[in-house]
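For clarity, every value in this text was computed on a predicted model and none was experimentally measured.
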Amino acid sequence: QVQLVESGGGLVQAGGSLRLSCAASGRTFSSHAMGWFRQAPGKERDFVAAINWTGGSTFYAGSVKGRFTISRDNAKDTVYLQMNSLRPEDTAVYYCAAGRGVEARNFLYDYDYWGQGTQVTVSS
């Protein structure tokens with residue numbers, strides 16, 4: 001089992017920045033790829049970004065590429081999502097997830113463990 005707790009969400013104006021954190025506990029954090037997903041009201045949960053077990057490979061959704069950066073610190077069992085140039089359409093609940101394997105993937109079924117989510121609201 002891996003327990004995940006997200007933090008860092010909040011309300012920000014368009015063009016602003018936020019940094020999300022996801023702290024992991026339980027099984028060995030470094031043996032999992034990690035991902036961020038988001039879900040807006042009335043919509044499906046969508047892939048945002050993923051990072052492999054070493055942190056050497058990352059993968060982004062087209063809508064956030066160039067604005068968001070995923071990173072991890074295996075010594076702290078934490079994964080981060082730096083979000084810059086935020087837009088109102090980025091408003092959603094953001095979820096951290098631990099992957100079934102070590103490589104970065106973008107499908108929901110590639111992830112076994114999920115956090116409770118953190119709300120990000122971007123005002124125009």
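Side-chain N or O atoms of Thr28 include none that pairs as donor or acceptor with a backbone N or O of Ser30 at under 3.5 Å. In this structure, Glu6 contributes its side chain and Cys96 its backbone to a donor-acceptor pair below 3.5 Å. Put simply, the side chain of His32 never gets that close to the backbone of Ala98: no donor and acceptor are under 3.5 Å apart. Checked by atom type and distance alone, the side chain of Tyr60 pairs as donor or acceptor with a backbone atom of Ile70 at under 3.5 Å.
The aromatic rings of Phe47 and Phe59 are tilted relative to each other, their planes meeting at an angle between 30° and 60°. Note: Tyr94 and Phe68 have tilted aromatic rings, judged against thresholds of 30 and 60 degrees for the angle between ring planes.
Each side chain to side chain donor-acceptor pair (under 3.5 Å) pair with one or both residues in residues 73-86, not counting sequence neighbours, appears once here: Ser17-Asn84, Arg72-Asn74, Gln82-Asn84. The stretch residues 114-124 participates, sequence neighbours left out, in these side chain to side chain donor-acceptor pair (under 3.5 Å) pairs: Gln119-Thr121. Contacts classified as salt bridge (Lys or Arg N to Asp or Glu O under 4.0 Å) and involving residues 80-100 (residues at least two apart or in different chains) are given here: Arg38-Asp90, Arg67-Asp90, Arg100-Asp112.
Residues Val79 and Ile51 form a side-chain contact, since some pair of their non-hydrogen atoms from C-beta on lies under 4.5 Å apart. Two residues are said to be in side-chain contact when any heavy atoms from C-beta on lie closer than 4.5 Å; Leu20 and Trp36 meet this criterion. At a threshold of 4.5 Å between non-hydrogen side-chain atoms, the residues Val122 and Gln13 do not count as touching. Counting heavy atoms from C-beta outward, Leu86 and Leu18 have side chains that approach closer than 4.5 Å. Between Leu4 and Val2, some side-chain heavy-atom pair lies under the 4.5 Å cut-off.
Rounded to the nearest 0.5 Å, atoms CE (Met34) and CH2 (Trp53) are 15.0 Å apart. Here the CG-CD distance, from Asp46 to Gln39, works out to 8.0 Å after rounding to the nearest 0.5 Å.
A pairwise comparison of heavy atoms in Ala104 and Ser57 identifies CB-O, 4.4 Å as the closest pair. Considering every non-hydrogen atom in both Tyr111 and Ala50, the closest pair reads OH-CB, 3.4 Å.
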**OP:** Kindly indicate, with the supporting measurements, whether the criterion side chain to side chain contact (heavy atoms under 4.5 Å, CB included) is fulfilled by Leu81 and Val48.
**Re:** CA-CA 10 Å; Leu81 185 68; Val48 175; 4.2 Å; yes

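Under the 4.5 Å side-chain contact rule for hydrophobic residues, Met83 and Val12 share a cluster.
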